[in-house]
Amino acid sequence: MSTINAAGLALIKRFEGLRLTAYQDSAGVWTIGYGHTGKVDGKAVCKGMTITQNKANSLLTSDVAKFWAYANNASYVPLTAQMNENQRSALTSFAFNCGQDNLKTLCKDRSISEIGEAMLLYNKAGGKVLSGLTTRRKAERELYLTEVTKDMDTLRKGDEGQQVTVLQILLNTAIQRNLDTDGKLGTKTQTAVEDYQTAKGLTVDGICGPDTWGALLADCG
């Protein structure tokens, strides 16, 4: 796979959020788009700067490519060759938020399973635990632990498993929900599926079949 998968990109979009007008983040760094802090058309992000949705998408593509490269670089992730696309995509989201140096520290001298557990430790800023970072790390870990399957199953209320986790990650981004990525297709997840189907003009049945999967993967990919 040559780039981050739809679920990993959905995590980045969800937790970074989209701002078309420059703002200062919690550390006072000028930011725009989907958490972009680099230059925009050769100019540093600054107060009053605005961009279009298309520009935000372009910046995101470039930024994600940079961190995807780190997640696939054995100098930063020694076991990357043994990882699947969900693991590398989760680590790309992690690096997008925490930086490549923390990615390197996370993966140093740890097994694949130990990396997944250690991700949860990176939930602090200024020495304080932040609920937003805790939520993000848990979601990244859930994706990291999700096995890759070639074809997605049709999912209904009551189903459980890793594919439900992927569904919840995609729905959270596609229709701005805050579903727990617990792998359980309960009432809230079913309602979110129905709302998404309504928005996309699909058959509204609360069942995530090929048409709904296809639309979600296209929207979040």
Side-chain angles (χ1 to χ4, degrees), residues 1-77 80 85 87-108 115 118-141 143-144 169-170 172-176 178 218-221:
M1 187 174 181
S2 60
T3 189
I4 191 171
N5 65 16
L9 186 60
L11 286 179
I12 291 174
K13 286 182 175 179
R14 174 191 174 192
F15 288 107
E16 294 296 335
L18 172 62
R19 300 278 288 275
L20 299 181
T21 299
Y23 66 98
Q24 287 179 291
D25 66 10
S26 59
V29 178
W30 283 103
T31 308
I32 202 166
Y34 293 99
H36 179 76
T37 58
K39 292 184 177 181
V40 178
D41 297 329
K43 298 180 180 179
V45 180
C46 60
K47 183 177 181 180
M49 177 181 281
T50 61
I51 59 174
T52 64
Q53 175 72 65
N54 285 340
K55 175 58 71 173
N57 292 342
S58 176
L59 293 172
L60 176 63
T61 298
S62 177
D63 289 342
V64 167
K66 178 177 69 174
F67 289 107
W68 172 257
Y70 286 122
N72 285 268
N73 186 334
S75 296
Y76 289 85
V77 185
T80 185
E85 68 180 63
Q87 290 167 333
R88 293 194 296 272
S89 293
L91 290 178
T92 301
S93 175
F94 174 91
F96 195 105
N97 179 232
C98 297
Q100 63 269 26
D101 290 339
N102 279 320
L103 174 67
K104 188 172 186 178
T105 300
L106 169 69
C107 298
K108 183 179 180 181
I115 290 170
M119 291 173 75
L120 300 177
L121 302 175
Y122 290 78
N123 64 345
K124 302 178 182 68
K128 296 182 180 180
V129 173
L130 299 184
S131 60
L133 291 180
T134 297
T135 300
R136 180 168 184 163
R137 295 291 90 82
K138 287 181 177 178
E140 289 167 345
R141 178 178 175 273
L143 178 60
Y144 185 89
I169 289 172
L170 297 177
N172 280 337
T173 296
I175 54 174
Q176 300 299 302
N178 192 30
D219 281 348
C220 298

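Note that the structure is a prediction, hence the values are computed from the model and not measured. Keep in mind that the numbers below use all heavy atoms, side chains included, and drop hydrogens, waters and symmetry copies.
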Rounded to the nearest 0.5 Å, how far does [atom2] of [Y] lie from [atom1] of [X]?
X: Leu121; Y: Thr105; atom1: CG; atom2: OG1; value: 12.0 Å
X: Asp41; Y: Lys39; atom1: CG; atom2: NZ; value: 11.5 Å
X: Cys46; Y: Gln24; atom1: SG; atom2: CD; value: 11.0 Å
X: Arg14; Y: Asn172; atom1: CZ; atom2: CG; value: 4.0 Å
X: Asp25; Y: Glu16; atom1: CG; atom2: CD; value: 9.5 Å
X: Lys55; Y: His36; atom1: NZ; atom2: NE2; value: 9.0 Å

Between [X] and [Y], which heavy-atom pair has the shortest distance, and what is it?
X: Ile169; Y: Ala139; answer: CD1-O, 4.3 Å
X: Thr80; Y: Ala71; answer: OG1-O, 2.9 Å
X: Ala22; Y: Val45; answer: CB-CG1, 3.8 Å

Tell me every residue that passes side chain to side chain donor-acceptor pair (under 3.5 Å) with [X], counting only those two or more places apart in sequence or in another chain.
X: Lys108; answer: none
X: Tyr70; answer: Gln100
X: Asp101; answer: none
X: Asn102; answer: none

Next item on the list: Verify, without hydrogens or angle tests, whether Asn72 (side chain) and Trp68 (backbone) share a donor-acceptor contact under 3.5 angstrom.
Entry: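 Indeed, once roles are kept as given, a pair shorter than 3.5 Å links the two residues.
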Margin query: Looking at Gly8, is its backbone amide N or carbonyl O close enough to the side chain of Ser89 to form a donor-acceptor pair, meaning the two atoms are under 3.5 Å apart?
Written below: no
So do [Y] and [X] actually touch side chain to side chain, heavy atoms under 4.5 Å?
X: Val64; Y: Ile12; result: yes
X: Leu59; Y: Ile51; result: yes
X: Ile32; Y: Leu20; result: no

Next item on the list: Might you work through the side-chain contact (heavy atoms from CB on, under 4.5 Å) test for Leu9 and Leu60, ending with a clear yes or no?
Entry: CA-CA 9 Å; Leu9 186 60; Leu60 176 63; 4.0 Å; yes
Side chain to side chain contact (heavy atoms under 4.5 Å, CB included) against [X], all qualifying residues, sequence neighbours excluded:
X: Thr37; result: Val29, Thr31
X: Thr134; result: Asn123, Val129, Lys138
X: Asn54; result: Thr52, Asn57
X: Arg141; result: Glu117, Leu120, Leu145

Notebook entry, point to check: Can you list the residues that meet the ring pair (Phe, Tyr, Trp, His ring centres under 6.0 Å) rule with Phe15, with sequence neighbours excluded?
Noted result: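 For Phe15 there are no ring pair (Phe, Tyr, Trp, His ring centres under 6.0 Å) partners, ignoring immediate neighbours.
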Check: Partners of Tyr34 by ring pair (Phe, Tyr, Trp, His ring centres under 6.0 Å), sequence neighbours excluded?
Finding: none
Next item on the list: Could you please spell out the steps behind the side-chain contact (heavy atoms from CB on, under 4.5 Å) verdict for Ile4 and Phe67?
Entry: CA-CA 9 Å; Ile4 191 171; Phe67 289 107; over 6 Å; no
Residues 91-99, side-chain donor-acceptor partners within the protein, below 3.5 Å, at least two apart:
unit_1: Thr92; atom_1: OG1; unit_2: Arg88; atom_2: O; d: 2.8
unit_1: Ser93; atom_1: OG; unit_2: Arg136; atom_2: NH2; d: 3.3
unit_1: Ser93; atom_1: OG; unit_2: Glu140; atom_2: OE2; d: 2.7
unit_1: Asn97; atom_1: OD1; unit_2: Arg137; atom_2: NH1; d: 3.2
unit_1: Asn97; atom_1: OD1; unit_2: Arg137; atom_2: NH2; d: 2.9

Next item on the list: Mind checking salt bridge (charged side-chain N to carboxylate O under 4.0 Å, His left out) for Lys66 and listing every partner two or more places apart, or none if nothing turns up?
Entry: none
